[in-house]
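To start, the structure itself, in structure tokens.
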Amino acid sequence: MDSVQKIENKWQKYWQEHHTFEAKIDKSKEKYYYLVEFPYPSGAGLHVGHVRSYTALDVLARKKRMMGYNVLFPMGWDAFGAPAEQYAIKNHIHPSKAVAENIKTFKAQIQKLGISFDWSREFSTTDPEYYKWTQWQFLQFFKHGMAYKAKKNINWCPKCKTGLSNEDSSGGVCERCGTQVVQKEKEQWMLRMSDYAEDLIEGLQDTDFQERTKLAQINWIGKSTGAEVDFPLKQVSEKLTVYTTRPDTLFGVTFMVVAPEHPYIDLYSGLIQNMNQVIDYREQANKKTEFERTQLVKDKTGVKLEGLSAINPVNGKEIPIYISDYVMMNYGTGAIMAVPAHDERDYEFAQKFGIPIIQVLEEETGEKHEDETSKESIVAIVYDKENDKYLTINWKNNGGRLFVGGTMKEGEDPISCAIREIEEETGYSDISFVRSGFKINHHYYAYNKNRYFNIEATPLLFKLNSDERKKQNLDEDEKFDVEWVTKDIVEKEIHDELHSKSFQYVMTPGAMCDDGIHIHSDVLDGLSKKEAIDKIISYLEEKNLGRRKTNYKLQDWIFTRQRFWGEPIPLIYCEECGWVPVSEEDLPVLLPDVAEYEPTDDGESPLARISEFVNTTCPHCGKPAKRETDTMPNWAGSSWYWLRYMDPHNDKEFVSREALDYWGKVDWYNGGMEHATRHLLYARFWNQFLYNIGLVPNKEPFKVRASHGMILGEGGVKMSKSLGNVINPDDIVSTYGADSLRTYEMFIGDYEKEATWSEQGLNGCKRYLDKVIRLGEKVNDSDHYSSELEKDIHKTIKKVTEDIDDLKFNTAISALMILLNKMEKMNSISRADYHTYLTLLNPIAPHLTEELNEVYQLGKPLCESEWPKYDENKLIDEEKEIAVQVNGKVRATILVHINDSDETIREKALQEANVIKHVEGKEIVKVIVIKGRIVNIVVK
RNA sequence: GCCCGAAUGGUGGAAUGGUAGACGCGGUGGACUCAAAAUCAACUGGUAGCGAUAUCGUGUCGGUUUAAUUCCGACUUCGGGCACCA
């Protein structure tokens with residue numbers, strides 16, 4: 001046989017010359033569209049991670065073709081972006097040249113792997129024939145009012161000298177270079193993506209994305225429901241509107257906070273007496289990067305606005321207003337009502353600034369009952385710092401371990417009640433009050449009084465000063481031991497809900513954010529959280545004080561970058577007519593062929609320096625006008641590329657209706673988990689927009705979304721240049737062959753999880769393929785399955801077919817290995833045995849199997865053959881070995897026939913010597929016979 | 001902090017209520033060879049035993065079940081996503 005390299009070249013050539021994988025619209029066949037994220041053709045070349053996902057989809061595509069589907073499996077290049085531009089700046093060549101070089105390398109590398117891409121549909125996002133239509137689609141956004149220019153505080157990367165979307169600067173650092181992002185005010189083109197927030201959530205129902213992908217999208221969109229509430233200002237007849245998800249806590253508002261950028265600060269600067277201080281603070285906040293503001297400095301800071309205050313619309317109370325950077329201008333209204341009792345952040349702020357905390361929600365414990373008697377009480381926790389112990393009273397069988405508790409007497413406050421109770425019950429009196437926690441609403445039944453009680457209990461913490469002890473003053477029925485115990489014992493032995501909750505409240509002070517019942521809230525008293533939210537919103541709407549409101553974290557898409565290497569935005573600014581779109585026949589607006597790609601320091605695009613580009617005439621009135629010089633973000637080109645694949649050479653339309661109607665949705669889209677939020681959201685948004693204006697037939701572009709796990713270097717670390725552990729697929733192909741690499745990457749483990757590269761593992765797969773080759777020497781003349789193998793072959797067809805569909809490539813290969821091991825033990829195998837074997841292996845190792853199929857003249861090329869079928873009747877085992885358990889432990893195995901009755905199986909099981917040994921002298925309680933699986937004998 | 005996922009031999013991993021460790025790698029002693037590589041055949045979770053066998057064992061603790069890696073509850077660790085979003 002020829003060398004591996006020779007064989008692989010031969011078949012790659014065959015497929016190319018026979019246009020084997022080129023898809024044509026064929027209405028007699030069912031279509032299937034596989035899409036794998038197109039790569040950014042970087043100078044580093046192909047990575048073994050690319051090989052994994054391309055091979056996986058290739059396996060699916062090859063199998064699907066053999067099953068008779070018309071498969072579209074295209075590939076292209078996402079080639080706009082910073083690295084090509086950086087490379088061009090450094091080497092003084094046009095980015096398009098660098099891109100062309102890289103594409104050439106990438107393509108050659110991919111072709112050496114034998115991936116069955118339809119290369120006739122190849123394009124790059126940087127081709128003018130492609131970006132013409134990206135520009136055209138942008139104009140559709142513009143014409144439908146979906147694109148607007150806005151002066152925005154944007155995330156600015158000082159190193160890349162460009163604006164970034166929120167998505168590109170998550171974590172406060174530039175996605176590209178890791179530099180901390182600063183805020184800069186700039187005019188930007190925006191796409192109204194936030195209008196689609198709800199549709200983007202709902203559309204997920206029409207997809208079969210993995211649950212984790214759906215969740216990531218939903219989280220990113222960040223829907224929250226609540227209300228806007230108008231707080232009248234005291235000094236002027238204007239309102240400060242806030243957004244809250246907890247309007248039910250309106251009666252607990254003790255202050256308000258506005259973002260440093262809030263317009264009211266300048267608007268009412270005349271009223272604010274400490275304006276200097278406020279301005280100082282605002283400047284400090286502005287200097288902080290988004291990263292510092294949101295990630296690092298969680299310490300609350302702020303300044304009170306002296307001379308400006310608000311009125312709580314539901315109770316008329318005057319409320320101070322603060323500015324603080326924990327409130328963001330770009331979410332909600334840029335102002336909040338603060339309820340420190342029931343919001344963690346407000347709690348922290350209130351603690352720091354000494355603002356009162358009003359509890360309006362009580363946690364409820366115990367079971368509610370009719371005819372309860374109400375009273376106020378306390379739970380007192382005394383801490384002995386010296387011994388690190390807590391004072392408890394142990395009621396033993398009459399109620400277990402508790403803290404000191406008691407009922408407040410007429411006119412008594414919680415602290416004095418607690419001091420009295422502690423002394424009466426335990427004798428300790430040299431104590432001092434530390435703090436109290438939120439009140440708890442507790443329901444219980446008192447056996448000694450035969451009554452139901454509903455108490456409002458205040459938990460209190462005291463510290464012990466000395467163990468000086470007076471005589472206890474106990475009632476007749478109070479029989480308990482006073483014991484000091486550790487925190488451990490408290491947590492283990494105090495089961496009473498009220499007491500353990502009390503302990504939690506006083507030991508870890510913080511806001512109470514759980515559900516409960518409302519107090520001090522007028523019309524809301526007694527209601528639960530959900531009931532109260534509904535009621536207060538209706539109340540606010542009725543009185544015109546507020547309204548129901550849904551908010552999303554998802555913001556509009558900042559669609560401009562101040563860079564050279566991107567699609568020019570096809571708009572012209574005319575003094576007379578404003579922003580005017582370039583007319584369609586003038587598209588594409590080409591990137592000029594110049595030598596200056598450096599971004600400018602003032603934040604303008606490099607295109608702004610090129611006067612031949614900038615200066616033009618208005619398409620509307622013909623007067624001199626200027627082009628937009630910003631370009632589109634990286635994500636633009638990848639937001640519709642799957643549509644272009646359907647009809648890549650169309651110069652009349654972005655894609656023909658015929659192609660859209662035939663190829664429809666992408667049936668299976670594979671990509672990295674890192675694109676589960678941004679790219680996938682942009683692409684879905686773009687598609688939904690095209691659908692809404694009638695340009696595409698489906699609202700959702702993708703049916704299934706799968707993602708591959710990363711491949712790590714040996715030792716489980718990320719492959720990186722600096723560690724020197726990057727595996728170059730070319731090296732592997734030339735030493736082991738593409739088929740070995742493909743097989744190994746499919747065998748390495750769960751496709752969706754990360755996997756560790758191992759050269760030894762790769763070698764094992766090479767050995768396996770060598771065995772497949774040697775198996776050919778055993779082929780005889782028979783055209784029927786060998787009788788000893790028939791059953792195994794049918795089982796393997798079933799297993800491989802199902803496993804590939806489930807992306808369980810590793811177990812599919814394992815099944816093939818098992819069948820091979822069996823075939824190797826035979827003196828000879830039939831042509832049919834071998835042919836089926838090679839066909840099953842073909843999607844995974846296409847070159848080798850084609851060659852063997854030809855060498856042994858088993859039939860036409862496998863790429864033109866049908867996928868093998870299995871016969872259900874041939875899968876059934878006449879006899880099977882099953883386990884016999886006694887009390888759940890395997891004691892023997894027995895051979896059972898398919899027709900054996902439960903009774904026969906039971907008899908067989910009970911005759912086994914080792915079973916008799918374990919059953920002897922015991923009573924058989926039950927014998928469980930599960931047909932074809934197990935016998936379990938239960939004895940006593 | 002919140003949300004999601006994972007944890008199984010020396011190792012990558014199988015098994016989704018029914019004989020835990022399929023398959024691969026590695027290892028051990030053997031065959032072939034002057035020798036090595038390649039290849040072939042055997043063994044390979046721990047402990048005890050010559051062995052039949054017994055016993056322990058799927059991150060930890062508890063529960064449901066005739067039976068739990070698998071289901072339920074609590075926890076630990078690791079990975080991923082989001083994060084002052086009101």
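Chain letters run A, B, ... following the sequence lines, proteins first and then strands; every chain starts at 1.
Within the nucleic acid shown, A/Gly332 has no heavy atom closer than 4.0 Å to any nucleic acid atom. Within the nucleic acid shown, A/Asn810 comes within 4.0 Å of sugar-phosphate atoms alone, with no base atom in reach, counting heavy atoms only. Here A/Thr893 lies in heavy-atom contact (under 4.0 Å) with a base. Residue A/Glu211 is classed as having no contact, given no heavy-atom separation below 4.0 Å to the nucleic acid. At a threshold of 4.0 angstrom between heavy atoms, the contacts of A/Ile928 include nucleobase atoms, whether or not backbone atoms are also involved. Counting any heavy atom pair closer than 4.0 Å across all strands shown, A/Thr244 reaches sugar-phosphate atoms only and no base atom. Counting non-hydrogen atoms under 4.0 angstrom, A/Gln760 reaches the backbone sugars and phosphates but no base. Counting non-hydrogen atoms under 4.0 angstrom, A/His918 reaches the backbone sugars and phosphates but no base.
Ion pairing between a basic and an acidic side chain is recognised when a charged N comes within 4.0 Å of a carboxylate O; A/Lys808 and A/Asp750 show no such pairing.
The ring of A/Phe809 has its center no closer than 6.0 angstrom to the ring center of A/Phe747.
Atom-to-atom, CD1 of A/Ile818 to P of B/rG24 comes out at 8 Å; the value is rounded to the nearest Å.
Phosphate proximity of B/rU55 to A/Arg891: present, with a side-chain N or O under 4.0 Å from OP1 or OP2.
Evaluation of atom-type donor-acceptor distances gives a pair under 3.5 Å for the side chain of A/Lys300 against the base of B/rC84.
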